Novice: 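Quick one: the structure is below, and I'll ask about it shortly.
When a ligand or atom number is given, it counts from 1 through the structure's own listing order. Everything numeric in this text was worked out from a predicted model, so none of it was measured.
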Amino acid sequence: MILSFALLIFGSRLTGTVFSNIQLPVLACPYNLDQLTSAGCYYFSHLDVLFTEGWQEILAFFGTFIVCAVLLGRVLCGFICPLGFVQDIAHEARQALHIEGVSLNEKMYTVLRLVKWIMLVIFLGIGFVGGNFCDFCPAAAISPALAGFKLSLGLGGFFMIIVIVSGFFKRRSFCNICPLGYILGLTHKASLFKLKKDAVACTECGACYEACPMGIKSIFTVREGKKGELSKIDVTTPDCIMCGECVRRCPENNALAITFCGKKVYNADRMKFMKQYAPKPDKYAPFLNHEKSDKHE
Ligand code: SF4
Ligand code: SF4
Ligand code: SF4
């Protein structure tokens, strides 16, 4: 994530304007005042502009988006998006400081999903009523601003602070309402990355649901695939950001796995799970052992 953060933020600066117009959708925000912006998620929030372009531009935009969606899907969210990375840093900082986070219940996740739909309508429709989503998008305060492009931050900077503070207390809070991430998730059926479940191995402990930053309950409740299968059930949903947290926290071997082209790339492992919760070596143990052996003598 550190590498992709650096590449996405400073890559476009290094490659210069030659590649500025072919930045891949969702990978880096191309919005700035130094150069023409005609790629990336900019077009999703300016569909009015896209449809006035030539068919080559339209094909290039949707073509690169589909390639990204099929090859990576929401792995982009889990491991590549700079805004996701910033939220992860905020989450890690809270954990390092041993500050209690906020956990949401189902009702709260339902409210967040409603907000996400509102954001989606604004994101896709604002261009048609003369607005500009990029003027208040928090991502603009990271990608182009950090890369040193000219930018009027205003509202975007303000929302960035909200994203960091909310991400500090609730992991990936902004991802729960991010319209771009959800659009990417809609293509999950075509993506080569999938989240798979083996219902035979699953003991219905609910640890996966507890761990999921997107509040996806189906990973825990699904017991059978669409064709009645019990193993290799596809439990990927449009909301899943492919962070792998559910897999990491699952205590049953292979009950959950992230696959690429059907091959497991990351699977639940009981030994790894046990190691996460193994008691830390007691710093006084050597002295106690020494005491015991003294008594024995
Ligand atoms: S949901 Fe949005 S902010 Fe979160 S990682 Fe995906 S694209 Fe980035
Ligand atoms: S954490 Fe694993 S074993 Fe527990 S409910 Fe989820 S999939 Fe099943
Ligand atoms: S279902 Fe698993 S991989 Fe998907 S967002 Fe939730 S924890 Fe992450």
Novice: State the atoms of ligand 1, each with its element, that fall below the 4.0 Å cut-off from a heavy-atom position in Cys77.
Specialist: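 Close to Cys77: 1 (S), 5 (S), 6 (Fe), 7 (S).
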Novice: Side-chain contact, heavy-atom cut-off 4.5 Å: Cys175 with Met214?
Specialist: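 Cys175 reaches Met214 side chain to side chain.
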Novice: Between Phe168 and His91, is there a side-chain heavy-atom distance shorter than 4.5 Å?
Specialist: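 A side-chain contact is absent here, since even the closest heavy-atom pair is not under 4.5 Å.
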Novice: Does atom CD of Glu100 have more than 12 heavy-atom neighbours, drawn from other residues, nucleotides or ligands, at distances under 6.0 Å?
Specialist: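 At most 12 heavy atoms, drawn from other residues, nucleotides or ligands, come within 6.0 Å of this atom.
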Novice: Among Leu83, Asp88, Ile241, Ile183, which one has a heavy atom closest to atom 3 (S) of ligand 1?
Specialist: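 It is Leu83 that holds the nearest heavy atom.
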Novice: Would you please test Glu106 and Lys217 for salt bridge (charged side-chain N to carboxylate O under 4.0 Å, His left out) and show each step?
Specialist: CA-CA 9 Å; Glu106 270 183 70; Lys217 200 173 182 184; 2.9 Å; yes
Novice: Just verifying a value: how many Å separate Leu256 CG and Asp269 CG, rounded to the nearest 0.5 Å?
Specialist: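 It comes to 12.5 Å.
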Novice: For residues Lys264 and Asn254, determine if any side-chain heavy atom of one lies less than 4.5 Å from a side-chain heavy atom of the other.
Specialist: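 Yes; the side chains approach each other to less than 4.5 Å.
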Novice: Of the backbone atoms (N, CA, C, O) and the side-chain heavy atoms from C-beta on, which set of Leu195 has a member under 4.0 Å from an atom of ligand 3: side chain, backbone, both, or neither?
Specialist: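 Side chain only.
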Novice: List ligand 1 atoms under 4.0 Å from Arg172, heavy atoms only on the residue side.
Specialist: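 Close to Arg172: 5 (S).
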Novice: Does Gly206 come within less than 4.0 Å of ligand 2, judged by its heavy atoms?
Specialist: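 Checking ligand 2 against Gly206, which is what was asked, there is a heavy-atom contact under 4.0 Å.
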Novice: Pro213 near ligand 3, heavy-atom distance under 4.0 Å?
Specialist: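 Under 4.0 Å: yes for Pro213.
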Novice: Answer with side chain, backbone, both or neither: which part of Phe174 has a heavy atom less than 4.0 angstrom from an atom of ligand 1?
Specialist: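 It is the side chain that touches ligand 1; the backbone stays farther off.
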Novice: Does a sphere of radius 6.0 Å around CD in Glu229 hold more than 12 heavy atoms from other residues, nucleotides or ligands, not counting ones at 6.0 Å or beyond?
Specialist: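 Yes - once you tally the heavy atoms of other residues, nucleotides and ligands closer than 6.0 Å, there are more than 12.
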Novice: Taking only heavy atoms of Arg74 into account, list the atoms of ligand 1 that are under 4.0 Å away from them.
Specialist: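 Atoms satisfying the 4.0 Å criterion: 1 (S).
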Novice: Side chain, backbone, both or neither: which applies to Thr203 and ligand 2 if a contact is any heavy-atom pair less than 4.0 Å apart?
Specialist: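 Both backbone and side chain of Thr203 come within 4.0 Å of ligand 2.
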Novice: What I'd like to find out is whether the side chain of Leu76 reaches to under 4.5 Å of the side chain of Cys81, using heavy atoms alone.
Specialist: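 Leu76 does not reach Cys81 side chain to side chain.
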Novice: Would you call the rings of Phe260 and Phe193 parallel, tilted or perpendicular, where under 30° means parallel and over 60° means perpendicular?
Specialist: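 Judged by the thresholds at 30° and 60°, the geometry between Phe260 and Phe193 is tilted.
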Novice: At less than 4.0 angstrom from any non-hydrogen atom of Cys202, what atoms of ligand 2 do you find?
Specialist: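 Listed by number with element: 3 (S), 5 (S), 7 (S), 8 (Fe).
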Novice: State the atoms of ligand 2, each with its element, that fall below the 4.0 Å cut-off from a heavy-atom position in Phe220.
Specialist: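 Those qualifying, in numeric order: 5 (S).
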Novice: Closer than 4.0 Å to some heavy atom of Cys178 - which atoms of ligand 1 meet that?
Specialist: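 Answer for ligand 1: 1 (S), 2 (Fe), 3 (S), 7 (S).
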Novice: Within a strict 4.5 Å, meaning less than it, do heavy atoms of the Arg171 and Glu245 side chains meet?
Specialist: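 A side-chain contact under 4.5 Å exists here.
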Novice: Would you mind finding which of Ala199, Cys208, Cys212, Ala211 brings a heavy atom closest to atom 6 (Fe) of ligand 2?
Specialist: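 That would be Cys208.
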Novice: Side chain or backbone of Glu252 under 4.0 Å from ligand 2, or both, or neither, by non-hydrogen atoms?
Specialist: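 Looking at Glu252 and ligand 2, just side chain atoms fall under 4.0 Å.
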Novice: For ligand 3, which atoms have a heavy atom of Met214 less than 4.0 angstrom away?
Specialist: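 Within the 4.0 Å cut-off of Met214, ligand 3 contributes 5 (S).
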Novice: Ring pair (Phe, Tyr, Trp, His ring centres under 6.0 Å) with Phe123: which of Trp117, Phe133, Tyr43?
Specialist: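 Answer to the ring pair (Phe, Tyr, Trp, His ring centres under 6.0 Å) test with Phe123 among Trp117, Phe133, Tyr43: Phe133.
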Novice: Which residue holds the protein heavy atom closest to atom 8 (Fe) of ligand 3, what is that atom called, and what is the gap in Å?
Specialist: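 Going by distance alone, atom 8 (Fe) of ligand 3 is nearest to Cys243 SG, 2.3 Å.
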Novice: By number and element, which atoms of ligand 3 are closer than 4.0 Å to a non-hydrogen atom of Met242?
Specialist: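 Near Met242, meaning under 4.0 Å from one of its heavy atoms, ligand 3 has 3 (S), 4 (Fe).
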Novice: Any idea which atoms of ligand 2 are less than 4.0 Å away from a heavy-atom of Leu256?
Specialist: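 Listed by number with element, the hits are 7 (S).
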Novice: If the cut-off is 4.0 Å to any non-hydrogen atom of Ile219, which atoms of ligand 3 fall inside it?
Specialist: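 Matching atoms, with element in brackets: 1 (S).
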Novice: Within the stated cut-off of 2.8 Å, is an N/O/S atom of Cys81 closer than that to atom 8 (Fe) of ligand 1?
Specialist: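 Looking at Cys81, which is the residue asked about, there is an N, O or S atom under 2.8 Å from atom 8 (Fe) of ligand 1.
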Novice: Over 60° means perpendicular and under 30° means parallel, so tell me whether Phe136 and Phe159 are parallel, tilted or perpendicular.
Specialist: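 The arrangement is perpendicular - the two ring planes meet at more than 60°.
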Novice: Any side-chain donor paired with an acceptor under 3.5 Å for His188 and Asp234?
Specialist: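 No, no side-chain donor-acceptor contact under 3.5 Å.
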Novice: Using a 3.5 Å distance criterion without hydrogens, assess whether the side chain of Lys272 forms a donor-acceptor pair with backbone atoms of Pro251.
Specialist: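 Checking the backbone N and O of Pro251 against the side chain of Lys272, no donor-acceptor pair under 3.5 Å is found.
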Novice: Give the atom numbers and elements of ligand 2 that come within less than 4.0 Å of a heavy atom of Glu204.
Specialist: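 Per the distance check, 5 (S), 8 (Fe).
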Novice: To check your reading of the model: name the closest protein heavy atom to atom 2 (Fe) of ligand 3, its residue, and the distance in Å.
Specialist: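 Here the closest protein heavy atom is Cys246 SG, 2.3 Å.
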Novice: Identify, for atom 4 (Fe) of ligand 3, the protein heavy atom at the shortest distance, and state residue, atom and that distance.
Specialist: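 Scanning the protein heavy atoms, the shortest distance from atom 4 (Fe) of ligand 3 goes to Cys240 SG, 2.3 Å.
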Novice: State the atoms of ligand 2, each with its element, that fall below the 4.0 Å cut-off from a heavy-atom position in Pro251.
Specialist: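 Here the atoms of ligand 2 in question are 1 (S).
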